[in-house]
2 protein chains.
Amino acid sequence: MRKLRVPAAAALASSTVENYLKQLYRQQRAGGGMVGMGQLASAMGVVPGTATSMAKSLAEAGLARYTPRNGVRLTAAGEQLALHVIRRHRLVELFLVKVLQLDWSVVDEEAERLEHAVSDRVLERMDALLDFPTADPHGDPIPSAHGRLHEPRRLSLANCPLGRPQTIARVLNQDRDFLQFVESEGLAPGAEVTVASRIVAAGAVKLQRRRRGELSLGLAAAAAMLVAPAKPARGEG
Amino acid sequence: MRKLRVPAAAALASSTVENYLKQLYRQQRAGGGMVGMGQLASAMGVVPGTATSMAKSLAEAGLARYTPRNGVRLTAAGEQLALHVIRRHRLVELFLVKVLQLDWSVVDEEAERLEHAVSDRVLERMDALLDFPTADPHGDPIPSAHGRLHEPRRLSLANCPLGRPQTIARVLNQDRDFLQFVESEGLAPGAEVTVASRIVAAGAVKLQRRRRGELSLGLAAAAAMLVAPAKPARGEG
DNA sequence: ATTTTTACTTTGAATAGTCAAAATAGCAAG
DNA sequence: CTTGCTATTTTGACTATTCAAAGTAAAAAT
(Lines give C-alpha, C1' and ligand atoms only; values in the text may rest on other atoms or scores of the structure.)
Protein backbone atom coordinates (compact mmCIF):
# COMPACT_ATOMS: atom_id res chain seq x y z
CA MET A 1 0.00 0.00 0.00
CA ARG A 2 1.35 3.35 -1.01
CA LYS A 3 1.10 6.43 1.04
CA LEU A 4 -1.80 8.72 0.32
CA ARG A 5 -0.81 11.59 -1.88
CA VAL A 6 -1.27 14.84 -0.02
CA PRO A 7 -1.94 18.04 -1.95
CA ALA A 8 1.10 20.26 -2.32
CA ALA A 9 -0.40 23.14 -0.39
CA ALA A 10 -0.92 20.92 2.64
CA ALA A 11 1.91 22.58 4.55
CA LEU A 12 0.27 24.21 7.55
CA ALA A 13 1.76 27.44 8.68
CA SER A 14 0.63 29.50 11.65
CA SER A 15 -0.74 32.89 10.74
CA THR A 16 2.43 34.38 12.14
CA VAL A 17 4.51 32.35 9.74
CA GLU A 18 2.16 33.20 6.90
CA ASN A 19 2.67 36.86 7.59
CA TYR A 20 6.42 36.55 7.59
CA LEU A 21 6.31 34.68 4.30
CA LYS A 22 4.11 37.30 2.72
CA GLN A 23 6.38 40.06 3.90
CA LEU A 24 9.51 38.28 2.78
CA TYR A 25 8.02 37.74 -0.61
CA ARG A 26 7.38 41.44 -0.99
CA GLN A 27 10.72 42.51 0.30
CA GLN A 28 12.71 40.19 -1.85
CA ARG A 29 10.73 41.37 -4.88
CA ALA A 30 11.48 44.96 -4.06
CA GLY A 31 15.00 44.51 -2.82
CA GLY A 32 16.24 42.02 -5.36
CA GLY A 33 17.32 39.11 -3.22
CA MET A 34 18.46 38.70 0.37
CA VAL A 35 16.36 40.42 2.97
CA GLY A 36 18.19 41.81 5.97
CA MET A 37 17.03 41.20 9.50
CA GLY A 38 16.60 44.90 10.10
CA GLN A 39 14.24 45.35 7.18
CA LEU A 40 12.30 42.26 8.04
CA ALA A 41 12.03 43.26 11.67
CA SER A 42 10.79 46.74 11.02
CA ALA A 43 8.36 45.59 8.35
CA MET A 44 6.91 43.09 10.78
CA GLY A 45 6.96 45.47 13.70
CA VAL A 46 9.20 43.34 15.87
CA VAL A 47 12.69 43.77 17.29
CA PRO A 48 15.59 42.50 15.18
CA GLY A 49 16.26 39.56 17.46
CA THR A 50 12.80 38.26 16.75
CA ALA A 51 13.41 38.48 13.03
CA THR A 52 16.61 36.52 13.41
CA SER A 53 14.97 33.72 15.29
CA MET A 54 12.04 33.56 12.91
CA ALA A 55 14.41 33.47 9.97
CA LYS A 56 16.07 30.47 11.54
CA SER A 57 12.76 28.71 12.09
CA LEU A 58 11.69 29.31 8.52
CA ALA A 59 14.99 27.88 7.39
CA GLU A 60 14.49 24.81 9.56
CA ALA A 61 11.05 24.36 8.09
CA GLY A 62 12.50 24.45 4.61
CA LEU A 63 10.65 27.63 3.74
CA ALA A 64 13.67 29.89 3.55
CA ARG A 65 17.44 29.96 3.31
CA TYR A 66 19.15 31.90 6.06
CA THR A 67 22.76 33.08 6.09
CA PRO A 68 23.87 34.82 9.28
CA ARG A 69 24.80 38.46 8.82
CA ASN A 70 23.66 38.27 5.29
CA GLY A 71 19.92 37.73 5.20
CA VAL A 72 17.03 35.42 4.39
CA ARG A 73 15.49 34.43 1.11
CA LEU A 74 12.48 32.22 0.49
CA THR A 75 12.92 28.77 -0.97
CA ALA A 76 10.64 27.66 -3.79
CA ALA A 77 8.38 26.07 -1.17
CA GLY A 78 8.28 29.25 0.85
CA GLU A 79 7.50 31.28 -2.21
CA GLN A 80 4.62 29.00 -3.11
CA LEU A 81 3.17 29.31 0.33
CA ALA A 82 3.60 33.07 0.23
CA LEU A 83 1.78 33.23 -3.08
CA HIS A 84 -1.11 31.23 -1.68
CA VAL A 85 -1.40 33.65 1.19
CA ILE A 86 -1.27 36.58 -1.21
CA ARG A 87 -3.94 34.95 -3.34
CA ARG A 88 -6.19 34.61 -0.33
CA HIS A 89 -5.54 38.18 0.66
CA ARG A 90 -6.31 39.68 -2.71
CA LEU A 91 -9.32 37.55 -3.48
CA VAL A 92 -10.76 38.38 -0.09
CA GLU A 93 -10.17 42.07 -0.72
CA LEU A 94 -12.03 41.97 -3.97
CA PHE A 95 -14.78 39.92 -2.41
CA LEU A 96 -15.21 42.44 0.35
CA VAL A 97 -15.53 45.26 -2.14
CA LYS A 98 -17.66 43.54 -4.73
CA VAL A 99 -19.92 41.38 -2.64
CA LEU A 100 -19.98 43.05 0.75
CA GLN A 101 -19.64 46.58 -0.60
CA LEU A 102 -16.92 47.62 1.77
CA ASP A 103 -14.90 50.66 0.92
CA TRP A 104 -11.61 49.80 -0.78
CA SER A 105 -9.74 51.90 1.73
CA VAL A 106 -10.46 49.43 4.51
CA VAL A 107 -10.36 46.06 2.82
CA ASP A 108 -6.63 45.57 3.16
CA GLU A 109 -7.00 45.75 6.90
CA GLU A 110 -9.92 43.34 6.90
CA ALA A 111 -8.25 40.90 4.54
CA GLU A 112 -5.25 40.87 6.84
CA ARG A 113 -7.34 39.04 9.40
CA LEU A 114 -9.41 36.90 7.07
CA GLU A 115 -6.62 35.62 4.87
CA HIS A 116 -5.56 33.17 7.57
CA ALA A 117 -9.01 31.77 8.18
CA VAL A 118 -10.33 31.19 4.68
CA SER A 119 -10.20 27.56 3.58
CA ASP A 120 -9.53 26.44 0.05
CA ARG A 121 -13.14 25.42 -0.25
CA VAL A 122 -14.39 28.88 0.60
CA LEU A 123 -11.74 30.53 -1.52
CA GLU A 124 -12.76 28.59 -4.61
CA ARG A 125 -16.34 29.74 -4.15
CA MET A 126 -15.31 33.34 -3.85
CA ASP A 127 -13.16 32.97 -6.92
CA ALA A 128 -16.05 31.54 -8.91
CA LEU A 129 -18.55 34.08 -7.62
CA LEU A 130 -16.21 36.86 -8.71
CA ASP A 131 -15.79 35.16 -12.05
CA PHE A 132 -12.11 34.34 -11.67
CA PRO A 133 -10.74 37.83 -11.40
CA THR A 134 -7.12 38.67 -12.13
CA ALA A 135 -6.68 41.76 -10.01
CA ASP A 136 -7.83 43.05 -6.64
CA PRO A 137 -9.42 46.47 -6.02
CA HIS A 138 -6.01 48.15 -5.90
CA GLY A 139 -5.00 46.65 -9.19
CA ASP A 140 -2.69 44.12 -7.57
CA PRO A 141 -2.64 40.92 -9.62
CA ILE A 142 -4.11 37.80 -8.00
CA PRO A 143 -1.88 34.70 -8.05
CA SER A 144 -3.47 31.64 -9.62
CA ALA A 145 -4.55 28.67 -7.50
CA HIS A 146 -1.32 27.02 -8.58
CA GLY A 147 0.72 29.85 -7.19
CA ARG A 148 1.59 31.55 -10.42
CA LEU A 149 1.70 35.33 -10.52
CA HIS A 150 2.02 37.61 -13.47
CA GLU A 151 3.14 41.12 -12.58
CA PRO A 152 3.42 43.30 -15.65
CA ARG A 153 6.24 45.83 -15.17
CA ARG A 154 4.74 49.23 -15.28
CA LEU A 155 5.68 52.85 -15.18
CA SER A 156 4.27 55.15 -12.56
CA LEU A 157 3.04 58.70 -12.56
CA ALA A 158 6.54 59.55 -11.40
CA ASN A 159 8.28 58.24 -14.51
CA CYS A 160 5.84 57.79 -17.35
CA PRO A 161 6.06 59.98 -20.42
CA LEU A 162 4.55 63.46 -20.21
CA GLY A 163 1.58 64.59 -22.20
CA ARG A 164 0.28 61.11 -23.05
CA PRO A 165 -2.94 59.83 -21.55
CA GLN A 166 -2.43 57.07 -18.99
CA THR A 167 -4.81 54.72 -17.27
CA ILE A 168 -4.30 54.16 -13.56
CA ALA A 169 -3.51 50.44 -13.29
CA ARG A 170 -2.44 49.87 -9.74
CA VAL A 171 -2.09 51.70 -6.45
CA LEU A 172 0.82 50.45 -4.38
CA ASN A 173 0.12 52.30 -1.19
CA GLN A 174 -2.63 50.65 0.89
CA ASP A 175 -2.76 53.36 3.49
CA ARG A 176 -6.32 54.16 4.35
CA ASP A 177 -6.09 57.93 4.11
CA PHE A 178 -4.10 57.73 0.92
CA LEU A 179 -6.69 55.50 -0.69
CA GLN A 180 -9.49 57.74 0.42
CA PHE A 181 -7.69 60.68 -1.12
CA VAL A 182 -7.03 58.79 -4.33
CA GLU A 183 -10.64 57.84 -4.63
CA SER A 184 -11.98 61.28 -3.83
CA GLU A 185 -9.71 62.76 -6.47
CA GLY A 186 -10.90 60.32 -9.08
CA LEU A 187 -7.65 58.43 -9.41
CA ALA A 188 -8.80 54.90 -8.68
CA PRO A 189 -7.69 52.12 -11.04
CA GLY A 190 -9.31 52.59 -14.43
CA ALA A 191 -9.22 56.38 -14.25
CA GLU A 192 -7.47 58.21 -17.04
CA VAL A 193 -4.95 61.01 -16.49
CA THR A 194 -2.14 62.77 -18.25
CA VAL A 195 1.04 63.93 -16.58
CA ALA A 196 1.34 67.56 -17.59
CA SER A 197 4.70 68.27 -16.02
CA ARG A 198 7.18 67.24 -13.37
CA ILE A 199 9.31 69.51 -11.30
CA VAL A 200 11.70 67.03 -9.84
CA ALA A 201 13.56 69.50 -7.68
CA ALA A 202 10.31 70.42 -5.99
CA GLY A 203 9.17 66.79 -5.95
CA ALA A 204 5.89 67.69 -7.60
CA VAL A 205 3.93 66.06 -10.41
CA LYS A 206 1.16 67.97 -12.12
CA LEU A 207 -1.71 65.93 -13.52
CA GLN A 208 -4.45 66.67 -15.94
CA ARG A 209 -7.62 64.70 -15.24
CA ARG A 210 -10.41 63.90 -17.63
CA ARG A 211 -13.08 66.23 -16.38
CA ARG A 212 -11.77 67.33 -13.06
CA GLY A 213 -8.99 69.64 -14.07
CA GLU A 214 -5.51 69.78 -12.61
CA LEU A 215 -4.06 68.13 -9.55
CA SER A 216 -0.59 68.16 -8.03
CA LEU A 217 0.93 65.13 -6.40
CA GLY A 218 4.09 64.64 -4.41
CA LEU A 219 6.71 62.47 -5.99
CA ALA A 220 6.25 59.66 -3.46
CA ALA A 221 2.53 59.57 -4.09
CA ALA A 222 3.07 59.66 -7.84
CA ALA A 223 5.48 56.75 -7.63
CA ALA A 224 2.81 54.67 -5.88
CA MET A 225 0.45 55.08 -8.81
CA LEU A 226 1.28 52.65 -11.58
CA VAL A 227 -0.11 53.32 -15.02
CA ALA A 228 -0.54 51.84 -18.46
CA PRO A 229 -0.75 53.87 -21.67
CA ALA A 230 -4.43 54.62 -22.18
CA LYS A 231 -6.11 52.94 -25.11
CA PRO A 232 -7.10 55.71 -27.46
CA ALA A 233 -10.86 56.05 -27.13
CA ARG A 234 -13.09 56.21 -30.19
CA GLY A 235 -12.70 59.55 -31.87
CA GLU A 236 -9.48 60.38 -30.06
CA GLY A 237 -6.87 58.31 -31.87
CA MET B 1 -11.03 65.44 30.32
CA ARG B 2 -13.03 62.31 30.64
CA LYS B 3 -11.91 58.99 29.36
CA LEU B 4 -13.11 57.96 25.96
CA ARG B 5 -16.06 55.67 26.14
CA VAL B 6 -15.17 52.34 24.66
CA PRO B 7 -17.90 50.12 23.17
CA ALA B 8 -18.94 47.30 25.43
CA ALA B 9 -17.83 44.57 23.04
CA ALA B 10 -14.32 45.98 23.02
CA ALA B 11 -13.03 43.14 25.21
CA LEU B 12 -10.57 41.28 23.03
CA ALA B 13 -10.41 37.58 23.54
CA SER B 14 -8.07 35.20 21.77
CA SER B 15 -9.78 32.67 19.57
CA THR B 16 -8.96 30.06 22.18
CA VAL B 17 -10.80 32.04 24.80
CA GLU B 18 -13.68 32.66 22.42
CA ASN B 19 -14.01 28.94 21.91
CA TYR B 20 -14.07 28.23 25.62
CA LEU B 21 -16.73 30.87 26.12
CA LYS B 22 -18.89 29.46 23.36
CA GLN B 23 -18.57 25.98 24.78
CA LEU B 24 -19.26 27.11 28.30
CA TYR B 25 -22.34 28.92 27.15
CA ARG B 26 -23.68 25.75 25.56
CA GLN B 27 -22.86 23.52 28.48
CA GLN B 28 -24.38 25.73 31.07
CA ARG B 29 -27.55 25.97 28.96
CA ALA B 30 -27.74 22.23 28.72
CA GLY B 31 -26.56 21.37 32.20
CA GLY B 32 -28.38 24.02 34.15
CA GLY B 33 -25.56 25.85 35.88
CA MET B 34 -22.05 24.96 36.96
CA VAL B 35 -19.92 23.24 34.37
CA GLY B 36 -17.45 20.67 35.68
CA MET B 37 -13.84 20.59 34.59
CA GLY B 38 -14.24 17.13 33.18
CA GLN B 39 -17.10 18.11 30.90
CA LEU B 40 -15.38 21.27 29.79
CA ALA B 41 -12.14 19.45 29.14
CA SER B 42 -13.66 16.71 27.06
CA ALA B 43 -15.84 19.12 25.12
CA MET B 44 -12.78 21.18 24.28
CA GLY B 45 -10.60 18.19 23.60
CA VAL B 46 -8.02 19.01 26.25
CA VAL B 47 -6.89 17.31 29.45
CA PRO B 48 -8.69 18.29 32.66
CA GLY B 49 -5.71 20.23 33.97
CA THR B 50 -5.94 22.53 31.00
CA ALA B 51 -9.60 23.16 31.66
CA THR B 52 -8.83 24.04 35.25
CA SER B 53 -6.21 26.57 34.31
CA MET B 54 -8.36 28.11 31.62
CA ALA B 55 -11.26 28.35 34.05
CA LYS B 56 -9.00 30.30 36.37
CA SER B 57 -7.89 32.63 33.59
CA LEU B 58 -11.45 33.29 32.56
CA ALA B 59 -12.28 34.07 36.15
CA GLU B 60 -9.35 36.47 36.41
CA ALA B 61 -10.52 38.19 33.25
CA GLY B 62 -13.95 38.63 34.78
CA LEU B 63 -15.57 36.41 32.19
CA ALA B 64 -16.46 33.56 34.51
CA ARG B 65 -16.88 32.58 38.13
CA TYR B 66 -14.79 29.63 39.19
CA THR B 67 -15.19 27.58 42.35
CA PRO B 68 -12.59 24.86 42.88
CA ARG B 69 -13.99 21.34 42.85
CA ASN B 70 -17.32 22.72 41.90
CA GLY B 71 -17.18 24.21 38.44
CA VAL B 72 -17.25 27.35 36.28
CA ARG B 73 -20.10 29.54 35.16
CA LEU B 74 -19.98 32.54 32.86
CA THR B 75 -20.49 36.02 34.26
CA ALA B 76 -22.81 38.41 32.46
CA ALA B 77 -19.78 39.77 30.60
CA GLY B 78 -18.67 36.31 29.59
CA GLU B 79 -22.13 35.47 28.41
CA GLN B 80 -22.27 38.60 26.28
CA LEU B 81 -18.99 37.75 24.66
CA ALA B 82 -20.11 34.20 24.08
CA LEU B 83 -23.26 35.43 22.41
CA HIS B 84 -21.27 37.67 20.12
CA VAL B 85 -19.14 34.75 19.09
CA ILE B 86 -22.24 32.67 18.48
CA ARG B 87 -23.73 35.48 16.45
CA ARG B 88 -20.65 35.58 14.26
CA HIS B 89 -20.70 31.83 13.89
CA ARG B 90 -24.31 31.59 12.84
CA LEU B 91 -24.33 34.59 10.58
CA VAL B 92 -21.22 33.28 8.84
CA GLU B 93 -22.85 29.88 8.41
CA LEU B 94 -25.86 31.38 6.75
CA PHE B 95 -23.68 33.58 4.61
CA LEU B 96 -21.68 30.62 3.43
CA VAL B 97 -24.84 28.77 2.43
CA LYS B 98 -26.76 31.65 0.92
CA VAL B 99 -24.04 33.67 -0.73
CA LEU B 100 -21.24 31.22 -1.34
CA GLN B 101 -23.51 28.25 -1.95
CA LEU B 102 -21.64 25.91 0.34
CA ASP B 103 -23.38 22.79 1.48
CA TRP B 104 -24.94 23.17 4.91
CA SER B 105 -23.19 20.03 6.09
CA VAL B 106 -19.81 21.74 5.98
CA VAL B 107 -20.51 25.29 7.03
CA ASP B 108 -20.24 24.63 10.75
CA GLU B 109 -16.67 23.53 10.23
CA GLU B 110 -15.88 26.54 8.08
CA ALA B 111 -17.58 28.99 10.41
CA GLU B 112 -15.49 27.58 13.23
CA ARG B 113 -12.42 29.14 11.65
CA LEU B 114 -13.99 32.31 10.30
CA GLU B 115 -15.89 33.34 13.41
CA HIS B 116 -12.68 34.57 15.00
CA ALA B 117 -11.55 36.62 12.04
CA VAL B 118 -14.70 38.48 11.06
CA SER B 119 -14.78 42.08 12.21
CA ASP B 120 -17.90 43.92 13.26
CA ARG B 121 -17.74 45.93 10.09
CA VAL B 122 -17.80 42.83 7.92
CA LEU B 123 -20.41 41.17 10.07
CA GLU B 124 -22.80 44.08 9.71
CA ARG B 125 -22.53 43.85 5.96
CA MET B 126 -23.25 40.19 5.94
CA ASP B 127 -26.20 40.79 8.20
CA ALA B 128 -27.57 43.44 5.87
CA LEU B 129 -26.92 41.42 2.74
CA LEU B 130 -28.83 38.52 4.27
CA ASP B 131 -31.60 40.91 5.23
CA PHE B 132 -31.19 40.56 8.99
CA PRO B 133 -31.95 36.88 9.36
CA THR B 134 -33.05 35.35 12.63
CA ALA B 135 -31.86 31.79 12.16
CA ASP B 136 -28.91 30.00 10.58
CA PRO B 137 -29.18 27.11 8.09
CA HIS B 138 -29.70 24.60 10.90
CA GLY B 139 -32.50 26.63 12.40
CA ASP B 140 -30.35 27.88 15.27
CA PRO B 141 -31.44 31.37 16.25
CA ILE B 142 -28.98 34.20 15.64
CA PRO B 143 -28.28 36.46 18.63
CA SER B 144 -28.87 40.14 17.99
CA ALA B 145 -25.98 42.58 17.68
CA HIS B 146 -26.73 43.54 21.28
CA GLY B 147 -26.26 39.99 22.43
CA ARG B 148 -29.86 39.10 22.92
CA LEU B 149 -30.98 35.60 22.00
CA HIS B 150 -34.47 34.25 21.76
CA GLU B 151 -34.64 30.46 21.86
CA PRO B 152 -38.20 29.25 21.62
CA ARG B 153 -38.57 26.04 23.61
CA ARG B 154 -39.53 23.37 21.22
CA LEU B 155 -40.51 19.76 21.13
CA SER B 156 -38.54 17.28 19.08
CA LEU B 157 -39.46 14.34 16.90
CA ALA B 158 -38.78 12.29 20.03
CA ASN B 159 -41.48 13.89 22.14
CA CYS B 160 -43.98 15.78 19.97
CA PRO B 161 -47.56 14.57 19.68
CA LEU B 162 -48.27 11.71 17.28
CA GLY B 163 -50.31 12.06 14.14
CA ARG B 164 -50.09 15.84 13.89
CA PRO B 165 -48.11 17.46 11.09
CA GLN B 166 -44.93 19.15 12.26
CA THR B 167 -42.48 21.47 10.57
CA ILE B 168 -38.79 20.79 11.13
CA ALA B 169 -37.56 23.91 12.90
CA ARG B 170 -34.03 23.16 14.00
CA VAL B 171 -31.40 20.45 13.73
CA LEU B 172 -29.22 20.23 16.81
CA ASN B 173 -26.61 17.82 15.53
CA GLN B 174 -24.03 19.50 13.29
CA ASP B 175 -22.26 16.33 12.35
CA ARG B 176 -21.47 16.31 8.67
CA ASP B 177 -22.77 12.84 7.88
CA PHE B 178 -25.89 13.37 9.93
CA LEU B 179 -26.68 16.60 8.10
CA GLN B 180 -26.10 14.96 4.76
CA PHE B 181 -28.48 12.20 5.74
CA VAL B 182 -31.07 14.66 6.98
CA GLU B 183 -30.91 16.59 3.77
CA SER B 184 -31.04 13.58 1.51
CA GLU B 185 -34.11 12.34 3.37
CA GLY B 186 -35.86 15.65 2.96
CA LEU B 187 -35.82 16.60 6.62
CA ALA B 188 -34.08 19.95 6.45
CA PRO B 189 -35.62 22.87 8.35
CA GLY B 190 -38.92 23.83 6.77
CA ALA B 191 -39.84 20.28 5.79
CA GLU B 192 -43.12 18.91 7.03
CA VAL B 193 -43.47 15.51 8.70
CA THR B 194 -45.81 13.61 10.96
CA VAL B 195 -44.71 11.22 13.66
CA ALA B 196 -46.68 8.08 12.99
CA SER B 197 -45.56 6.08 15.98
CA ARG B 198 -42.86 5.62 18.56
CA ILE B 199 -41.60 2.37 19.94
CA VAL B 200 -39.64 3.61 22.90
CA ALA B 201 -38.36 0.22 23.95
CA ALA B 202 -36.85 -0.26 20.52
CA GLY B 203 -35.72 3.37 20.39
CA ALA B 204 -37.39 3.90 17.05
CA VAL B 205 -39.52 6.73 15.68
CA LYS B 206 -41.56 6.20 12.55
CA LEU B 207 -42.16 9.25 10.38
CA GLN B 208 -44.57 9.99 7.60
CA ARG B 209 -43.18 12.45 5.08
CA ARG B 210 -45.13 14.64 2.69
CA ARG B 211 -44.42 12.86 -0.57
CA ARG B 212 -41.62 10.55 0.30
CA GLY B 213 -43.37 7.97 2.38
CA GLU B 214 -42.18 6.48 5.65
CA LEU B 215 -38.85 6.74 7.41
CA SER B 216 -37.59 5.35 10.68
CA LEU B 217 -35.25 7.28 12.93
CA GLY B 218 -33.36 6.30 16.07
CA LEU B 219 -34.40 8.06 19.24
CA ALA B 220 -31.17 10.02 19.49
CA ALA B 221 -31.56 11.30 15.96
CA ALA B 222 -35.20 12.12 16.56
CA ALA B 223 -34.31 14.09 19.66
CA ALA B 224 -31.93 16.21 17.62
CA MET B 225 -34.74 17.31 15.31
CA LEU B 226 -36.77 20.12 16.85
CA VAL B 227 -40.18 20.84 15.42
CA ALA B 228 -43.05 23.29 15.49
CA PRO B 229 -46.67 22.38 14.83
CA ALA B 230 -47.22 22.82 11.09
CA LYS B 231 -49.47 25.68 10.03
CA PRO B 232 -52.47 24.03 8.39
CA ALA B 233 -52.06 24.64 4.65
CA ARG B 234 -54.93 26.07 2.61
CA GLY B 235 -57.51 23.39 2.07
CA GLU B 236 -56.26 21.20 4.90
CA GLY B 237 -57.57 22.94 8.02
C1' DA C 1 45.28 50.55 11.27
C1' DT C 2 42.47 51.62 14.95
C1' DT C 3 38.15 53.41 16.31
C1' DT C 4 33.30 54.05 15.81
C1' DT C 5 29.01 52.91 14.00
C1' DT C 6 25.64 50.07 12.49
C1' DA C 7 23.61 45.84 11.93
C1' DC C 8 23.08 41.61 13.61
C1' DT C 9 23.05 37.62 16.98
C1' DT C 10 22.62 35.71 21.45
C1' DT C 11 20.82 35.05 25.86
C1' DG C 12 17.44 35.17 29.32
C1' DA C 13 12.89 35.92 30.37
C1' DA C 14 7.86 36.50 29.59
C1' DT C 15 3.02 34.95 28.00
C1' DA C 16 -0.50 31.79 26.12
C1' DG C 17 -1.83 27.39 25.72
C1' DT C 18 -1.00 22.85 26.23
C1' DC C 19 0.24 17.85 28.24
C1' DA C 20 1.88 14.27 31.58
C1' DA C 21 1.93 12.80 35.77
C1' DA C 22 1.87 13.33 40.73
C1' DA C 23 -0.87 15.07 44.69
C1' DT C 24 -5.37 15.68 46.82
C1' DA C 25 -10.20 16.24 47.97
C1' DG C 26 -14.69 14.38 48.50
C1' DC C 27 -17.50 10.91 48.78
C1' DA C 28 -19.02 5.93 48.85
C1' DA C 29 -18.50 1.57 50.86
C1' DG C 30 -17.46 -1.16 54.00
C1' DC D 1 -13.32 5.38 60.90
C1' DT D 2 -10.53 3.51 56.98
C1' DT D 3 -10.13 2.21 52.25
C1' DG D 4 -10.89 3.25 47.44
C1' DC D 5 -12.50 5.52 43.55
C1' DT D 6 -13.19 9.41 40.79
C1' DA D 7 -12.87 14.08 39.68
C1' DT D 8 -9.98 17.74 40.20
C1' DT D 9 -5.88 20.46 41.08
C1' DT D 10 -0.93 21.09 40.99
C1' DT D 11 3.53 20.99 39.28
C1' DG D 12 6.93 20.83 35.87
C1' DA D 13 7.80 20.93 31.23
C1' DC D 14 7.34 22.15 26.34
C1' DT D 15 6.31 25.09 21.94
C1' DA D 16 5.59 29.44 19.64
C1' DT D 17 6.28 34.07 19.71
C1' DT D 18 7.88 37.94 21.58
C1' DC D 19 11.06 41.67 24.07
C1' DA D 20 15.15 43.68 26.45
C1' DA D 21 19.59 43.95 26.75
C1' DA D 22 24.23 42.31 26.24
C1' DG D 23 27.64 40.70 23.02
C1' DT D 24 29.88 40.65 18.33
C1' DA D 25 31.09 41.17 13.48
C1' DA D 26 31.57 43.84 9.51
C1' DA D 27 31.65 48.27 7.44
C1' DA D 28 32.71 53.14 7.64
C1' DA D 29 35.41 56.71 9.21
C1' DT D 30 39.22 58.64 10.70
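Worth knowing before you read on, the calculation uses all heavy atoms, side chains too, and leaves out hydrogens, waters and symmetry mates.
- Ring-plane geometry between B:His138 and B:Trp104 is classed as parallel, the angle between the planes falling under 30 degrees on a 0 to 90 degree scale with a further cut at 60.
- If you measure from atom CE of B:Met44 to atom P of C:dG17, you get 10 Å, rounded to the nearest angstrom.
- Checked by atom type, the side-chain pair A:His116/A:Asn19 shows a donor-acceptor distance below 3.5 Å.
- A:Glu110 and B:Arg125 are not joined by a salt bridge, as no carboxylate oxygen comes within less than 4.0 angstrom of a charged side-chain nitrogen.
- Within the nucleic acid shown, B:Ser14 comes within 4.0 Å of sugar-phosphate atoms alone, with no base atom in reach, counting heavy atoms only.
- Between A:Lys56 and C:dT10 there is a side-chain polar atom (N or O) within less than 4.0 angstrom of OP1 or OP2.
- Distances from the side chain of A:Thr52 to the nucleotides C:dG17, C:dC19, C:dT9 place C:dT9 closest.
- Using a 4.0 Å heavy-atom distance criterion, B:Val46 is classed as a sugar-phosphate-only contact.
- To the nearest angstrom, C1' of C:dC8 lies 12 Å from CD of A:Gln39.
- If you walk DNA chain D from 5' to 3' and mark each nucleotide with an atom closer than 4.0 Å to a heavy atom of chain A, the marks span D:dT17 to D:dA25.
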Exercise for review: Mind running side chain to side chain contact (heavy atoms under 4.5 Å, CB included) on A:Ser15 and A:Glu112 for me, showing each step along the way?
Suggested key: CA-CA 10 Å; A:Ser15 30; A:Glu112 209 59 49; over 6 Å; no
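- Each of B:Gly49 and A:Tyr20 was assigned the nucleotide of DNA chain D with the nearest heavy atom; the assignment lying further toward the 5' end belongs to B:Gly49.
- Across all strands, A:Gly45 comes closer than 4.0 Å only to sugar-phosphate atoms, never to a base (heavy-atom distances).
- Checking C:dG17, C:dG26, C:dT18 against every side-chain atom of B:Val17, the shortest atom distance belongs to C:dG17.
- As rounded to whole Å, 12 Å separates atom P of C:dA16 from atom CG of B:Leu12.
- In this structure, B:Met37 places its CE atom 15 Å from P of C:dC19, rounding to the nearest Å.
- Taking atom CE of residue A:Met54 and atom P of nucleotide C:dC8, one finds them 17 Å apart after rounding to whole Å.
- The ring pair (Phe, Tyr, Trp, His ring centres under 6.0 Å) test applied to B:His89 returns no partner, not counting sequence neighbours.
- A:Thr16 comes within 4.0 angstrom of sugar-phosphate atoms only, judged by non-hydrogen atoms across all strands, and of no base.
- Put simply, NE2 on B:His116 is 12 Å from P on C:dG17, counting in whole angstrom units.
- Residue B:Gly38 is in sugar-phosphate contact alone, with no base atom involved, counting any heavy-atom pair closer than 4.0 Å across all strands shown.
- Between B:Glu109 and A:Arg121, at least one side-chain nitrogen of the basic residue sits less than 4.0 Å from a carboxylate oxygen of the acidic one, meeting the salt-bridge criterion.
- The shortest heavy-atom contact between B:Pro133 and B:Leu91 is CG-CD1, 3.7 Å.
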